Amino acid sequence: MYKSTKFIFITGGVLSSLGKGLSAASIAALMECRGLTVTLLKMDPYINVDPGTMNPFQHGEVFVTEDGAETDLDLGHYERFTHAVLTQKNNFTTGQIYDAVIQKERKGEYLGATVQVIPHVTDEIKNKIRNLGNGVDVAIVEVGGTVGDIESLPFLEAIRQLRADLGPQNVLYIHLTLLPYMKTSGEVKTKPTQHSVKALREVGIQADILICRTERKISREVKEKIALFCNVRPEEVIAAEDVECIYEVPLKFHEEGLDQKIVELLNIWTRAPRLDEWQAFSEKVKSLKQEITIAIVGKYVDLHESYKSLNEALFAGGVHNGTRVMLKFIDSESIENEGLGDKFDDADGILVPGGFGSRGIEGKILAVRHARENLIPYFGICLGMQVAVVEVARNVCRLEGANSTEFDPGTPHPVIHMMLEQRSIKDKGGTMRLGTYQCVIPEGSRCRTIYGTDVINERHRHRYEFNLDYAEVLAQGGLMPGGLSPDGKLVEMVELADHPWFIGCQFHPEFKSGPMESHPLFSSYIRACLDRKLGVESVLADAHTEIEDEAHTKPSERVRFG
Ligand code: GLN
């Protein structure tokens, strides 16, 4: 039977960073809790074809999908909040739209017509949106940017037309705005919301539901006022009060009646939502008993958005172990300039995440050495694995000058190098190993115990690889393969013997971690960090009595793990 997909369009007003992505993800989660199937789409107004070549300082993390698309970080929220598996189709940019339109024009597909924003660009956008539905009950579409920007106009025009194309009962517009609180007058101000709703009306869209970000609770009177000026009913004004933990948002939205309103307006018949999993998770988050600190040594440390999925994966691994995870971001260049100092004194674990380019590399290698020698749990992700290999090669295997050819093309020991087939490709963005690859985990390895299985699938985004020519000498130094490609040619994980927890992986496990399904590597890593902390503390607590001498021994002799 043909079933039409219902579309929910989410726009944002007043200012950016209000949490449109999280709102879209939370709405999708609520629809799933009602037994509906969902998909999500992010439309980005910039001209880049994808965020792959953009500086993480400006744009935050690049999220990689199963099929290897380099996408906006909001797709990470979408996957973490729902069961939807997203692909290339779930994120597009103005650049991609124009690229497609120009290619069609060159092929003569417009039959001599003057190619224009309306209808050619808007049709291209509408087709992509329509194709997305593909039989799911609800498609949630987030329009990037803020209403009033020049760049998002074609997107707004396309979604305006879709209500007429698909029928009003199949399309819903939700607008996210801000209600600033004025300390001086002690009140919440509604004018910016009124203006942004008006700006949306000027392009022909009347918002059906307003989600209003607010620091404080808002009264019924405020909702009535907004409703009156913005042409909605008071129950269509949803207060989105600040929350401590983003995973509370679906529950808060539900309390405000948002999901009920959506299904009413879209005329969808569903069961009552089953929120028990979200409630249980939220309770768990509130009752975390322990606290650990992880030092993250990277280059993009000023913008935490650059490591969005990583932060969430660490958080989830923490919740899984009943512990809060504090993140201490350390700029790797500062290690090069100032030395290690006391930077790691409060770290229960050290992690080097993914990254590109040579800046700060030596600082990262120093951090690895510190973790290895002091038996601090070390987790190296992608570049973090590569620097771990370099460190062990140089300082354990005595391969002087060992490096990755990314940082030293003339190194005498290229322990990390580019595979032959990739060397010929010049186009930036074309040389990467992207998306899901299978990995086989050898029996008897630490990784096998952690995953509890022998074959896994993980997502990649990198150019360089472990150089197999050095596998033997590195193994003699204690660095063993913890995972290999099925043909045995690529080393996907390494693990260090005689260390409580020292693992590097060439893929990005953080992309596959969910709040309630913590990734095995992260769960295990956090456990190791917590054990270290508890072990150290209990030894110190006992120190004055029976084992006074013990307190002076090296940490390696005091604390053994796993
Ligand atoms: N720069 C390294 C490479 O291209 C690592 C990439 C990453 O960490 N994602 O292989």
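Because the structure is predicted, anything quoted here is derived from the model rather than measured. One-based numbering, in listed order, for ligands and for the atoms of each.
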Quiz item: Between Phe379 and Phe502, does the ring centre distance come in under 6.0 Å?
Solution: no
Quiz item: If we ignore angles and hydrogens, is there a donor and acceptor under 3.5 Å between the side chains of Tyr247 and Glu312?
Solution: yes
Quiz prompt | For atom 10 (O) of ligand 1, the protein heavy atom that lies nearest, with its residue and separation | solution = Tyr464 N, 2.8 Å
Self-check item: Glu406 neighbourhood, listing ligand 1 atoms whose heavy-atom distance to it stays under 4.0 Å
Solution: 1 (N), 2 (C), 3 (C)
Quiz prompt | Nearest-contact summary for atom 9 (N) of ligand 1 - protein heavy atom, Å | solution = Arg461 O, 2.8 Å
Quiz item: Do any nitrogen or oxygen atoms of Gly354 lie less than 3.5 angstrom from nitrogen or oxygen atoms of ligand 1?
Solution: no
Quiz item: Are Arg433 and Tyr437 in a cation-pi contact, defined as NZ or CZ under 6.0 Å from the six-membered ring centre and within 45° of the axis?
Solution: yes
Self-check item: Atoms in ligand 1 with a heavy atom of Arg463 nearer than 4.0 Å
Solution: 3 (C), 4 (O), 10 (O)
Quiz item: To the nearest 0.1 Å, how far is atom 6 (C) of ligand 1 from its closest protein heavy atom, and which atom is that?
Solution: Gly355 O, 3.3 Å
Quiz prompt | Flag for His508-Glu458: side-chain donor and acceptor within less than 3.5 Å | solution = no
Quiz item: Is ligand 1 less than 4.0 angstrom away from at least one heavy atom of Met432?
Solution: no
Exercise. Could you tell me which atoms of ligand 1, counted from 1 in the order shown, lie closer than 4.0 angstrom to a heavy atom of Cys382?
Key: 5 (C), 6 (C), 7 (C), 8 (O), 9 (N)
Exercise. Considering the heavy atoms of His508, write down every atom of ligand 1 situated less than 4.0 Å from one of them.
Key: 9 (N)
Exercise. Report yes or no: do Asn321 and Thr323 form a side-chain donor-acceptor pair below 3.5 Å?
Key: no
Practice problem: Work out whether the distance between some heavy atom of Gln386 and some atom of ligand 1 is less than 4.0 Å. | Solution: yes
Quiz item: Between Tyr464 and His417, do the side chains contain an N or O donor and an N or O acceptor separated by less than 3.5 Å?
Solution: no
Self-check item: Member of Phe315, Phe507, Tyr451 meeting the ring-ring contact (aromatic ring centres under 6.0 Å, His included) criterion with His519
Solution: Tyr451
